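Each chain gets a letter, A, B and so on, in the order its sequence line appears, and its residues count up from 1. Quick caveat, the model's predicted, so the values are computed rather than measured.
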There are 2 protein chains.
Amino acid sequence: MINGRFATAIHILTLLGREEGDVASSYIAGSININPVLVRKEISVLRDAGFVATQEGKNGGSRLAVQPSKIRLSDLYRIIYRDGLFTHSKNLPNQHCAVGRRIGTIMDDLNIEAEQALLKRLHAITIQDLLDKV
Amino acid sequence: MINGRFATAIHILTLLGREEGDVASSYIAGSININPVLVRKEISVLRDAGFVATQEGKNGGSRLAVQPSKIRLSDLYRIIYRDGLFTHSKNLPNQHCAVGRRIGTIMDDLNIEAEQALLKRLHAITIQDLLDKV
DNA sequence: TCATTCTGTAATTATTTTTATTACAGAACA
DNA sequence: TGTTCTGTAATAAAAATAATTACAGAATGA
C-alpha cells in the first residue's frame, strides 16, 4: 500500500521547488507537521536519488538538485516503494492447498500489472505540475 | 495504501471459485494461514457486496453467489478501499504555509488520478482470470 | 430433542508498523 | 569558537493490523 512517505516526499520536493536558498529540515517539518528527523531521513533518500542537495552546518539545509520538471512521480514511487503495491501478509499460505500454493505468484503478477498502470500515469506527472497547482 | 485485506479477499474468492459446496471459514483460514475470525469478517463484506452467500449452522460455510467471471478486481478494490490509495498523515499541514495549505487538495487530486489508472487495469481482471492461473 | 458444528460479532490482547523523540558527533559559518 | 545546522542511531510512543477469546444463534442429523 501507499503510505505516508510518498506524501511526505512530494511535500518536501514541492516546498523546495518554491524556495530559493537552502531550507532547514525543521522548517520543512513545520510545513508538513511531522518530526524533523523524519524529514531528514526522507531527504537522505531523495538526495541518494539525486533530486536534492544538502548543505550541512550553520545556515545549511536542502534545495532541489534538478529542475522540478525533471522529477517524475513515477521515479519517486520507485524510490520509495520497493515492497510493491499489494502487501501480502508474511504468513506463508498453506502449501498443501492448490490455491495457497499459487496465490503468491498470482499476487506478484497482479502487483506487477497494477504497478505498471499506476507508474504509467505517474510518469506523466512531475513536481512542476504540482507546483503549478500551489 | 493497499493492505492485506485485498489479498485476503482475492484468496477467499479464488478458493471459493474452485470448491463445489459450502466452505467453512476455518478451512479458508487454513489455506490463507490467518485467523478464521478475520476470514468471517472479510466474508461478511463480500457477502454485503453480493459476491458470496453463506449458510449458517452445521455443515455450513460460504460459496460464490455469482460467476467468477462476474467479479472484477476493480469492484473488489472499491469495496475494500474507501480510504484511497495514498494515505496522507492525519496531521494537518501548516496552514500558514502556501504548500501546506494546498497539499491536501493536491494529494487528493493525485489520488483520484492514480486510482483511475489502477481501476482501469483492475477492471479488466476477474476472479476467473485468477482461477485460470491456479 | 439436543448435541454438534457451523456462523456472526463484540471485546480484548498481541504484534507489527509507523511516527516521534532523544541524543550526540560532525560540518559550516560568522 | 560558539552557534546552528545535518546525519544517524537508539529508544519510546502511537497507530494500525492481526489474533484470540467468548458466546449467542442457526442448521443439521442421530
Side-chain angles (χ1 to χ4, degrees), chain A residues 1-9 11-12 16 19 21-49 52-63 65 80-94, chain B residues 1-9 11-12 16 19 21-49 52-63 65 80-94:
Chain A
M1 160 323 117
I2 293 197
N3 62 29
R5 284 186 56 206
F6 193 61
T8 298
H11 194 135
I12 291 171
L16 294 184
E19 303 286 336
D22 288 328
V23 184
S25 64
S26 56
Y27 179 85
I28 302 172
S31 172
I32 306 179
N33 193 11
I34 61 170
N35 194 282
V37 175
L38 285 186
V39 172
R40 294 204 288 271
K41 263 188 195 155
E42 205 57 52
I43 282 178
S44 113
V45 173
L46 297 172
R47 190 170 48 238
D48 290 347
V52 164
T54 303
Q55 175 71 36
E56 292 191 11
K58 192 174 180 180
N59 299 330
S62 299
R63 79 208 81 93
I80 293 177
Y81 294 98
R82 346 324 250 280
D83 307 351
L85 195 54
F86 304 96
T87 58
H88 24 342
S89 148
K90 89 244 68 107
N91 292 7
L92 184 69
N94 188 339
Chain B
M1 164 268 165
I2 294 195
N3 63 29
R5 284 186 56 206
F6 193 62
T8 298
H11 194 135
I12 291 171
L16 294 184
E19 303 285 335
D22 288 327
V23 184
S25 65
S26 57
Y27 179 86
I28 300 172
S31 172
I32 305 179
N33 193 12
I34 61 171
N35 194 282
V37 175
L38 284 187
V39 172
R40 294 204 288 270
K41 263 189 194 152
E42 205 57 52
I43 281 178
S44 113
V45 173
L46 297 172
R47 189 171 49 238
D48 289 347
V52 163
T54 302
Q55 174 73 34
E56 291 191 11
K58 191 173 181 180
N59 298 331
S62 300
R63 80 208 80 93
I80 292 176
Y81 294 99
R82 351 314 254 280
D83 307 352
L85 194 54
F86 303 97
T87 59
H88 22 346
S89 149
K90 88 244 65 119
N91 293 7
L92 183 70
N94 188 340

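If you measure from atom CG of A/Asp22 to atom P of C/dC29, you get 10 Å, rounded to the nearest angstrom. Atom-to-atom, OH of A/Tyr27 to P of D/dC5 comes out at 13 Å; the value is rounded to the nearest Å. Rounded to an integer number of Å, the gap from CG of A/Asn91 to C1' of C/dT16 is 12 Å. When the P atom of D/dT20 is taken as reference, atom CG of B/Asn33 falls 10 Å away, rounded to whole Å. In this structure, CZ of A/Arg5 is placed 14 Å from P of C/dT17, rounded to the nearest angstrom. Rounded to a whole Å, the CZ atom of A/Phe6 is 16 Å from the P atom of C/dT18.
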>> Quick one, A/Asp22 with A/Ser62, criterion side chain to side chain contact (heavy atoms under 4.5 Å, CB included). Give me CA distance, side-chain angles, the key distance, then yes/no.
In response: CA-CA 5 Å; A/Asp22 288 328; A/Ser62 299; 6.0 Å; no
>> Apply side chain to side chain contact (heavy atoms under 4.5 Å, CB included) to residues A/Ile34 and A/Ile28 and explain how you reach the verdict.
In response: CA-CA 9 Å; A/Ile34 61 170; A/Ile28 302 172; over 6 Å; no
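A pairwise comparison of heavy atoms in A/Gly21 and A/Arg63 identifies O-CB, 4.0 Å as the closest pair. For the pair B/Ser25 and B/Arg40, the tightest heavy-atom approach, listed with the atom from each and the gap, is OG-NH1, 3.1 Å. Listed here is the closest heavy atom pair of B/Asn35 and B/Ala29: C-CB, 4.0 Å.
Distances shown here put a side-chain N or O of A/Asn35 below 4.0 Å from the OP1 or OP2 atom of C/dT21.
With contacts defined as side-chain heavy-atom distances shorter than 4.5 Å, the pair A/Ile32/A/Ile12 qualifies. A heavy-atom distance below 4.5 Å is found between the side chains of B/Leu16 and B/Val23.
Rounded to 10 degrees, the angle separating the terminal axes of the helix from C/dT1-D/dA30 to C/dA30-D/dT1 is 0°, with each axis obtained from five end pairs.
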>> How would you summarise protein contacts on nucleotides 6-11 of chain C per nucleotide, using B for base, S for sugar-phosphate only and - for none, with heavy-atom distances below 4.0 Å?
In response: BBBBB-
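Salt-bridge check for A/Glu42 with A/Arg5: passed, with a basic side-chain N closer than 4.0 Å to an acidic carboxylate O.
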